[in-house]
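Heads up: numbering here begins at 1 and tracks the sequence. Scope of the values below: all heavy atoms of this structure, side chains included, with no hydrogens, waters or symmetry mates.
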Amino acid sequence: MGRPSGPPTRWALSWRILITDGLEEDGLTILRRRADVAEQDDLTGLEHFDALVVRGRTRVTSGVLSSAAPRLKVVGRAGVGVDNIDLEAAGRIGVIVVNAPLASTTSVAEHTLALMLSLARRIPDADRSLRRGEWRKAELEGVELSGRTLGIIGVGRIGSALAARARALGMHCIGFDPHLAPGEFRRRGVDPSGFAELLGLSDFISLHVPLTPETQGMIGPREFEMIRPGARLICTARGGLVDEASLLSALESGRLAGAALDVFAHEPPGPTSLVSHPNLVATPHIGAQTIEAQRRAAHDIAEELLAALGGQPLRWRVA
Ligand code: NAD
């Protein structure tokens, strides 16, 4: 017997997919083989689409989901963080949400390391001062990472990838993660620690938790009091985890030797006192902004989205 006659692509091509935050060509190519794909920068007409692909910019609220259902069946996040999508509403309304959680792990871990080294050796400050024609060699004394303690808050994919790289540089890694089994910490290259203990012991503290009601503001005025004086804080996870007013106070008082942020409570933050502080290294949410991570995210989300539309088993369903 030959193959079943009648190509399934006829009904498959009736799927309509909307992309609002852009998608790398690899992902577009996969989607266009099976569906009608439209790109625009807002959600107008979403009720006429079967699936939506977003990154972090588009906010997929309960109102958006309920007005686009029942035709809208799947939302795909080309990346990890799903804090811009109302997962509870999606579950209630029956819209599947999938993401691409493995795509950006290496890029974010590498960017975190770049920020740690920038802080330790004051590279952005040194670069700015040389451009002004100065030669502030004596003032630009830094510290080594080797032999220092790195406290990792959230020992998931990115936290563990950071630990592997930090260990290679001779750092001692400790980690806090209430959702991890005790035996799992050492397997991920960190010594388990309590939250207060981590704040008090670490020379560098790096956050790698999702933004949830539980983690919102988890580094605030009380925590800055507990942080070891002279420590350095890095956040490449999400704005809103670190209370920015308290961070500015900690930098101004000299309690923190420095901080580095890739993410902000409001993006873009504009030229605030925090962003302009000489001991802050700031980047515009570029943790996953590499050729490799964007390509992987586009490829992974395209395949997962088509699997969801086709009723196939899913690898990365979050709602
Ligand atoms: P993950 O799910 O693998 O790891 C998150 C870890 O945080 C988990 O192990 C979880 O148990 C832990 N956690 C949750 N609540 C906690 C709490 N209250 N205290 C301590 N630990 C807690 O996720 P991941 O892939 O490692 O990504 C982490 C975060 O990084 C994402 O949620 C996203 O917000 C952020 N991110 C940022 C960028 C960027 O461009 N800067 C890119 C990708 C991801």
Side-chain angles (χ1 to χ4, degrees), residues 107-153 158 162-163 165-174 198-208 219-237 239 241-287 289-290:
S107 292
V108 181
E110 287 185 0
H111 189 60
T112 309
L113 205 57
L115 291 176
M116 277 169 58
L117 285 162
S118 298
L119 276 177
R121 303 306 300 270
R122 304 176 58 185
I123 292 170
D125 192 12
D127 176 77
R128 281 193 300 266
S129 99
L130 201 63
R131 284 165 196 260
R132 289 193 297 265
E134 300 165 355
W135 192 255
R136 290 165 49 220
K137 186 168 168 151
E139 289 164 53
L140 286 165
E141 187 177 59
V143 294
E144 290 183 348
L145 295 189
S146 179
R148 302 271 168 178
T149 298
L150 168 63
I152 300 176
I153 300 176
I158 297 171
L162 173 66
R165 286 153 180 81
R167 279 202 324 280
L169 295 179
M171 299 189 88
H172 170 225
C173 298
I174 60 176
L198 182 148
L199 296 179
L201 284 178
S202 304
D203 301 298
F204 290 81
I205 298 168
S206 192
L207 286 137
H208 299 286
I219 306 290
R222 205 171 66 95
E223 287 72 26
F224 280 109
E225 287 298 310
M226 295 156 76
I227 284 178
R228 178 180 184 154
R232 292 168 174 83
L233 178 75
I234 302 107
C235 185
T236 56
L241 297 173
V242 178
D243 177 65
E244 294 180 355
S246 316
L247 172 59
L248 180 60
S249 305
L251 288 170
E252 282 173 344
S253 69
R255 177 154 193 116
L256 276 188
L261 296 179
D262 183 47
V263 286
F264 301 86
H266 299 287
E267 296 180 354
T272 60
S273 312
L274 178 61
V275 169
S276 319
H277 195 280
N279 293 341
L280 186 92
V281 176
T283 53
H285 204 145
I286 55 170
Q289 205 62 28
T290 62

Which pair of heavy atoms, one from [X] and one from [Y], lies closest together, and at what distance?
X	Y	answer
Ile227	Arg255	O-NH2, 2.6 Å
Pro269	Val275	CG-CG2, 3.9 Å
Ala260	Leu280	N-CD1, 4.4 Å
Leu150	Ala166	CD2-CB, 3.6 Å
Cys173	Arg167	SG-CG, 4.0 Å
Thr236	His111	CG2-CD2, 4.3 Å

Please check this pair: side chain of [X] against backbone of [Y], looking for a donor-acceptor N/O pair closer than 3.5 Å.
X	Y	result
Glu223	Gly220	yes
Ser253	Ala250	yes
Glu267	His285	no

Can you find a heavy atom in the side chain of [X] that is under 4.5 Å from one in the side chain of [Y]?
X	Y	value
Leu113	Leu169	yes
Thr272	Leu248	no
Val108	Asp262	no
Val143	Arg232	yes
Leu256	Asn279	no
Phe224	Leu251	no
Thr290	Glu110	no
Leu130	Trp135	yes

Derivation and outcome, side chain to side chain contact (heavy atoms under 4.5 Å, CB included), residues Met171 and Arg165: CA-CA 9 Å; Met171 299 189 88; Arg165 286 153 180 81; over 6 Å; no

Quick check for you: to the nearest 0.5 Å, what is the distance between [X] atom [atom1] and [Y] atom [atom2]?
X	Y	atom1	atom2	value
Leu162	Ile152	CG	CD1	4.5 Å
Leu261	His277	CG	NE2	12.0 Å
His208	Ile153	NE2	CD1	9.0 Å
Leu117	Leu145	CG	CG	4.5 Å

Sequence neighbours left out, cut at 3.5 Å: what donor-acceptor pairs do the side chains of residues 120-127 make with other protein atoms?
{"residue": "Arg122", "atom": "NH1", "partner": "Glu139", "partner atom": "O", "Å": "3.0"}
{"residue": "Arg122", "atom": "NH2", "partner": "Asp125", "partner atom": "OD2", "Å": "3.0"}
{"residue": "Asp127", "atom": "OD1", "partner": "Arg131", "partner atom": "NE", "Å": "3.4"}
{"residue": "Asp127", "atom": "OD1", "partner": "Arg131", "partner atom": "NH2", "Å": "3.4"}
{"residue": "Asp127", "atom": "OD2", "partner": "Arg131", "partner atom": "NE", "Å": "2.7"}
{"residue": "Asp127", "atom": "OD2", "partner": "Arg131", "partner atom": "NH2", "Å": "3.3"}

Evaluation steps, side chain to side chain contact (heavy atoms under 4.5 Å, CB included), between Cys235 and Ile219: CA-CA 10 Å; Cys235 185; Ile219 306 290; over 6 Å; no

Verdict with reasoning, Leu207 to Leu233, per side chain to side chain contact (heavy atoms under 4.5 Å, CB included): CA-CA 8 Å; Leu207 286 137; Leu233 178 75; 4.3 Å; yes

Partner set under side-chain hydrogen bond (donor to acceptor under 3.5 Å, both in side chains) for Ser246, not counting sequence neighbours: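 So Ser246 forms a side-chain hydrogen bond (donor to acceptor under 3.5 Å, both in side chains) with Asp243.
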
Test log, rule side chain to side chain contact (heavy atoms under 4.5 Å, CB included), inputs Leu241 and Val263: CA-CA 9 Å; Leu241 297 173; Val263 286; over 6 Å; no

